[in-house]
Amino acid sequence: MMKKAKKTSEAILKVEGKEVVLPVICGTEGEKAVDISTLRKSTGLITIDPGFANTANCCSQITYIDGEKGILRYRGIPITELAAKVSFVDVAYLLVHGTLPTESERIDFSNLLNYNSLLHEDMRHFFDHFPKGAHPMHILSTMVNAMAAFYPTVDVTTTARNIERSCARVISIVRTIAAFAYKKSIGEPIVYPRHDLSYCANFLNMMFDSPVKPYRISPEAVRLLNVLFIIHADHEQNCSTTAVRAIGSAQANLYSTIAAGVSALSGPLHGGANQAVIEQLRMIQADGDVAKFIRKAKDKNDPFRLMGFGHRVYKTYDPRAEIVRKECENYLAASGINDPLLDIAHRIEDIARQDSYFVDRGLYPNVDFYTGILYRAMGIPENMFTVMFALARLPGWVAHWREMIGDETKIVRPRQIYTGRTLSEVSAEVADFEPPALII
Ligand code: SDX
């Protein structure tokens, strides 16, 4: 049962001669909200908040963000601690189950992920029918949704054991699908997951191993991938997690629900930004004039936006971007890689952090600004960058789905304010309408 936020005070709303008292609730970190769940019944009024920038859809115990202070914690633990000390599988367990695993819990969870890492063999043939050049995010969302056909019995009525196994399938098989999609896209034979490799080492091996050129697993690449996956693992009610909660609230199959999260994440304003950043940096590099693009980003009449900059919640440096920037700089230096796109990214950040347009709006690098440069250096192909984000976010989506089905969640069905034609505006049109002669 979800721990409810406590009522701590009241708000009085006076409108059109009516006065209504609404409870104010407070979360464990001091966030407060006016509970408007009785508003329409008592006043006939609803509220409107495009993009829900000021509206909470739920109470949640999974992730806490303080956008003004640049704080991000999973189940209360700062991501800086998690990125430095634990593995991505530990963080997946933490997000889904609420605490870090004991040694025996870690072994059980790793075994469950391992036993559920193989894609159904009949699903392998699906890859043969995607058009050449299909974006891996579109392949991923299609294949994840298809899992609902192969594993249909995953809904809110299923057993706890089946939910456990299904959540492991999401976290593990989707990783296999991602690697298979990449191999198919380059015409190489797929590489199966191995029981003797860790989650991240397995993914790198499935991506890069080849019968003619065995992949030497680099411990540093495995460590880096753990860090990158950890910092992307959850981010409270972002667009794709909200999609997962909305689809899941209709009690849709878990895999169809996760497929919706993958689809939402593919957008360039959301997870697709990490690929868009590299494309933008390359365009700026070709042009050579960084200042011109800063001017374009500030110009209200220009649709150009600095990709990887700005955030709905963070109005200071995204703590994840801090971690990625440092890892990126260290890895490129240690690898002797001199990437001009990193120099351009640094230049953009330096200019923006001195410019009142960005500072006044709280526009700083977000998680996507440096991630692609690091993925590039690690040999991850650009069209897989957002897939990497999706793989990392799987435990977060699964955790929110489980939290939601464990609560007495109502189906997500927001209201609207209708601004279309009125009956009087259409009556003449209907009266004068000449129906076509009956076509047999
Ligand atoms: C992710 O929500 C999450 O948690 C998402 C995420 C996660 O982990 O799940 O953190 C992952 O999606 C990160 C964001 C990746 N997207 C991008 O990097 C795309 C570029 N960023 C922008 O499109 C924008 O900043 C958003 C979409 C991220 C946030 O948009 P908002 O909150 O709706 O902000 P807004 O558009 O209302 O902007 C406020 C002001 C506007 O100027 P004014 O009208 O006040 O004059 O800031 C300006 C905007 O024009 N602005 C930008 C800008 N982002 C906002 N100006 C130039 N460049 C930008 N990138």
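Predicted model, so just to flag it, every value in this text is computed and none were measured. First listed ligand is number 1; within each ligand, the first listed atom is number 1.
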Could you work out, with ring-ring contact (aromatic ring centres under 6.0 Å, His included) as the rule, every residue matching Phe389, not counting sequence neighbours? His232
Is it the case that the ring center of Phe293 lies less than 6.0 angstrom away from the ring center of Phe304? yes
Got a sec, which pairs hit salt bridge (charged side-chain N to carboxylate O under 4.0 Å, His left out) with one end in residues 220-249, sequence neighbours left out? Glu220-Arg223, Arg223-Glu327, Arg245-Glu403
Is the gap between the ring centers of Phe127 and Tyr182 under 6.0 Å? no
Run through ligand 1 for me and note each protein residue having a heavy atom under 4.0 Å from it, chain first, then residue number. His235, Asn238, Leu269, His270, Ala273, Ala297, Lys300, Arg305, Leu306, Met307, Gly308, Phe309, Gly310, His311, Arg312, Arg320, Tyr357, Arg361, Leu363, Asn366, Asp368, Phe389, Arg393
Pairs satisfying salt bridge (charged side-chain N to carboxylate O under 4.0 Å, His left out), at least one member in residues 25-38, at least two apart: Glu29-Arg73
Would you say the ring centers of His311 and Phe369 fall short of 6.0 Å from each other? no
